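Worksheet: the structure to be examined is printed underneath.
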Amino acid sequence: MGIVNVTPDSFSDGGHYASTAAAIAHARQLVADGADILDVGGESTRPGAAIVSAQDELDRVLPVIEGLRDISVPISIDTWKPQVMRAALAAGASMVNDINALQEEGALKMVVASGAAVCLMHKQGMPQTMQQQPHYTDVIAEVSAFLRDRIAAVEAAGIARERIVIDPGFGFGKTLAHNLDLLRELETFCALGVPVLAGLSRKSMLGALTGRDVTERLAASVVAALLAVQRGAAIVRVHDVRETVDMLRIWNAVNGSEQ
Ligand code: 9MG
């Protein structure tokens, strides 16, 4: 899954792709590099980022989704707002990547009605404050219970299991130790019976471990993606698609999978 941030304050692209044309060109490049899914987002979710209005978010993402109508891969809309989901799905997106796991009022109904796929992510707190004091008694058990409950809730509401992906939410209300535990124990989430998505690309946990700035976390991001895939992740959400695909080609060759 290639990341297309259409945000002026994106933590990872410094706003380089804030204009529609540049975002579309970037998305096309990610597909040429081997992305199987594009994740288009108009609101930064990095720790401390401000909430933007649904209208501002739509003004950013809709022209990009519309400009990618002919693209050969599914488009995911990265949003927790039902209004943005509705318009993005109508414009051509076929998946919702929701850091709020469809808990916002109206979100679940929206996705049920649309027939779209969904990624349900765990987070503790809200992006504005979530890194202030993350606390768990048992991070694996608590994240796992949350994801299991959300799978049950969305299935009961009418979303087929085949349309559901889960994500432990690296960096979303987690300390470095929590993030490492989640990565180490990723197989626990795979055991919940739906594909697991891992988003580690350029995250601050990699900065904490390497001492490197966000612009210099390529090697750490590729290794983190490999560790996630080794532990069963079916989808890795990344900025650096070309390098990640290279890594996966080696991984698949060694493991005897076709590529
Ligand atoms: C939007 N976004 C930022 N980080 C993410 C992650 O780790 N997972 C998912 N699903 N979305 C993310």
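Quick caveat, the model's predicted, so the values are computed rather than measured. Reckoned from all heavy atoms, side chains included, excluding hydrogens, waters and symmetry mates. When a ligand or atom number is given, it counts from 1 through the structure's own listing order.
Interface of Asp167 with ligand 1, defined as ligand atoms under 4.0 Å from a residue heavy atom, comprises 6 (C), 7 (O), 8 (N), 9 (C), 10 (N). Of all atoms in ligand 1, listed by their number and element, those nearer than 4.0 Å to a heavy atom of Thr45 are 1 (C), 2 (N), 3 (C). Those atoms of ligand 1 that come under 4.0 Å of a heavy atom in Gly199, given as number and element, are 7 (O). Heavy-atom proximity to Asp78, at under 4.0 Å, picks out these atoms of ligand 1: 1 (C).
Atom-to-atom distance recorded for Leu120:CG and Ile166:CD1 is 8.0 Å, nearest 0.5 angstrom.
By the 4.5 Å side-chain criterion applied to Ile, Leu, Val, Met, Phe, Trp and Tyr, Ile250 is assigned to a cluster that also includes Val254.
Only the side chain of Leu197 comes within 4.0 Å of ligand 1, judged by heavy-atom distances.
Judged by distance alone, the side chain of Ser201 and the main-chain N or O of His239 form a donor-acceptor pair under 3.5 Å. The closest donor-acceptor contact from the side chain of Arg69 to the backbone of Ala91 lies under 3.5 Å.
For Arg28, the side chain to side chain donor-acceptor pair (under 3.5 Å) partners at least two apart in sequence or on another chain are Asp70.
At least one heavy atom of Lys203 sits closer than 4.0 Å to an atom of ligand 1. Heavy atoms of Cys119 approach ligand 1 to within less than 4.0 angstrom.
For the 3.5 Å distance criterion, the side chains of Thr7 and Asn5 fail to qualify, holding no donor opposite an acceptor.
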